[in-house]
Amino acid sequence: GVQTCALPIFRVEPCLKTWTSVLSACARSGDPTRAAEAFDRMRASGISPDTKAWTALMQSHAARGDLGATAEVYWRMRTEGVAPNEGTLGAALAAGRVGGGDVSKLIAIYRDMRALDVRPNNRGFRQLTEMWVDQAFDDVDEHGGGDVRDGNDGDRKSTRLNSSHP
């Protein structure tokens, strides 16, 4: 048979850390709708979001590559006087990396954070580097390919990838 444990049931009110964990789970599953619902419930319960909670909400949109929604959350956070951190920058960069979109929104966020002396952590730096390299290849592809020097023996090599690579 099924064994049960007779423990008293306590009514526990979620704290900021609990709500942030819920938001992070929504972000990991790429569910911005549920994240927004949890965020609204958190606020309705009287708990003010901190940087981690706002960042988790941003990450839920970033997971879908929705740079517009990610930027909107960022500017709401800033309007409320909450300072971003490296994780916030990472969420913004992830949105740009995953889905693209209006790069000017990402640039505005990046410049705002740089003005606040928020610098990318290792992951953020890697994302910036990957975005830069992707953009460089996109620019080359738009202009019909091209050649680059390989840096070792001066031979020219095509920047086009062969058909076996996406």
Side-chain angles (χ1 to χ4, degrees), residues 13-146 148 159-161 165-166:
E13 294 295 323
C15 63
L16 177 60
K17 190 171 185 175
T18 305
W19 283 114
T20 302
S21 295
V22 170
L23 291 166
S24 294
C26 292
R28 282 190 303 277
S29 67
D31 193 344
T33 302
R34 285 214 169 147
E37 290 170 2
F39 193 83
D40 291 344
R41 287 182 59 198
M42 174 184 68
R43 295 185 85 159
S45 74
I47 296 175
S48 297
D50 65 357
T51 302
K52 288 181 181 181
W54 280 104
T55 298
L57 183 58
M58 286 177 63
Q59 289 168 335
S60 71
H61 293 288
R64 293 276 178 101
D66 190 343
L67 181 53
T70 303
E72 181 183 321
V73 171
Y74 176 79
W75 293 113
R76 281 178 41 210
M77 176 185 81
R78 296 291 290 125
T79 299
E80 293 193 17
V82 177
N85 64 18
E86 296 84 5
T88 312
L89 178 56
L93 293 172
R97 177 93 173 103
V98 172
D102 183 356
V103 173
S104 67
K105 292 179 181 183
L106 180 56
I107 291 168
I109 291 171
Y110 181 76
R111 286 183 175 156
D112 184 60
M113 287 197 219
R114 292 296 291 147
L116 297 168
D117 204 29
V118 175
R119 299 186 184 280
N121 56 21
N122 287 343
R123 182 177 182 185
F125 185 75
R126 187 180 74 243
Q127 288 174 318
L128 279 170
T129 303
E130 289 172 356
M131 290 170 69
W132 175 77
V133 169
D134 288 348
Q135 182 62 48
F137 278 106
D138 288 347
D139 288 348
V140 168
D141 287 343
E142 285 177 17
H143 295 94
V148 294
T159 57
R160 294 229 179 241
L161 298 175
H165 298 289

Exercise. Taking the side chain as C-beta and beyond, is there a heavy-atom pair between Arg41 and Ser45 under 4.5 Å?
Worked result: no
Exercise. Roughly how far, to the nearest 0.5 Å, is CG of Leu67 from NE2 of His61?
Worked result: 11.5 Å
Exercise. Got a second to check how far Met77's CE is from Trp54's CH2, nearest 0.5 Å?
Worked result: 8.0 Å
Exercise. From Glu86 CD over to Thr51 OG1, what is the distance, rounded to the nearest 0.5 angstrom?
Worked result: 10.0 Å
For this session: Over all heavy atoms of both residues, which pair between Pro32 and Ser60 is shortest? Give the atoms and the distance, please.
Result: CA-OG, 3.5 Å
Problem set entry | Beyond-backbone contact of Leu93 with Leu106, side-chain heavy atoms, under 4.5 angstrom | yes
Exercise. Below 4.5 Å, heavy atoms only, C-beta onward: do Arg78 and Leu116 meet side chain to side chain?
Worked result: yes
For this session: Look up atom OG1 in Thr20 and atom CZ in Phe39, then write down how far apart they are to the nearest 0.5 Å.
Result: 9.0 Å
Exercise. At their closest point, which heavy atom of Ala27 faces which heavy atom of Ala63, and how far apart are they?
Worked result: O-CB, 3.6 Å
Exercise. Between Ala38 and Val22, which heavy-atom pair has the shortest distance, and what is it?
Worked result: CB-CG1, 3.8 Å
Problem set entry | Reported OG1-to-CD distance for the pair Thr18 and Glu13, which is rounded to 0.5 angstrom | 10.5 Å
Problem set entry | Distance-minimising heavy-atom pair for Ala53 and Leu23 | O-CD1, 3.7 Å
Seminar exercise, completed: Note: Cys26 and Ser29 closest approach over all heavy atoms is O-OG, 3.1 Å
Exercise. With a cut-off of 6.0 Å (strictly less than), are more than 12 heavy atoms of other residues, nucleotides or ligands near CZ of Arg34?
Worked result: no
Problem set entry | Atom pair NZ/CD of Lys105 and Glu72 - distance to nearest 0.5 Å | 8.5 Å
Exercise. When you measure from the side chain of Thr88 to the backbone N and O of Thr55, does any donor-acceptor pair fall under 3.5 Å?
Worked result: no
Exercise. Just wondering, more than 12 heavy atoms not from Arg76 lying within 6.0 Å of its CZ?
Worked result: yes
Seminar exercise, completed: Note: Pro84 and Met113 closest approach over all heavy atoms is CG-CG, 3.8 Å
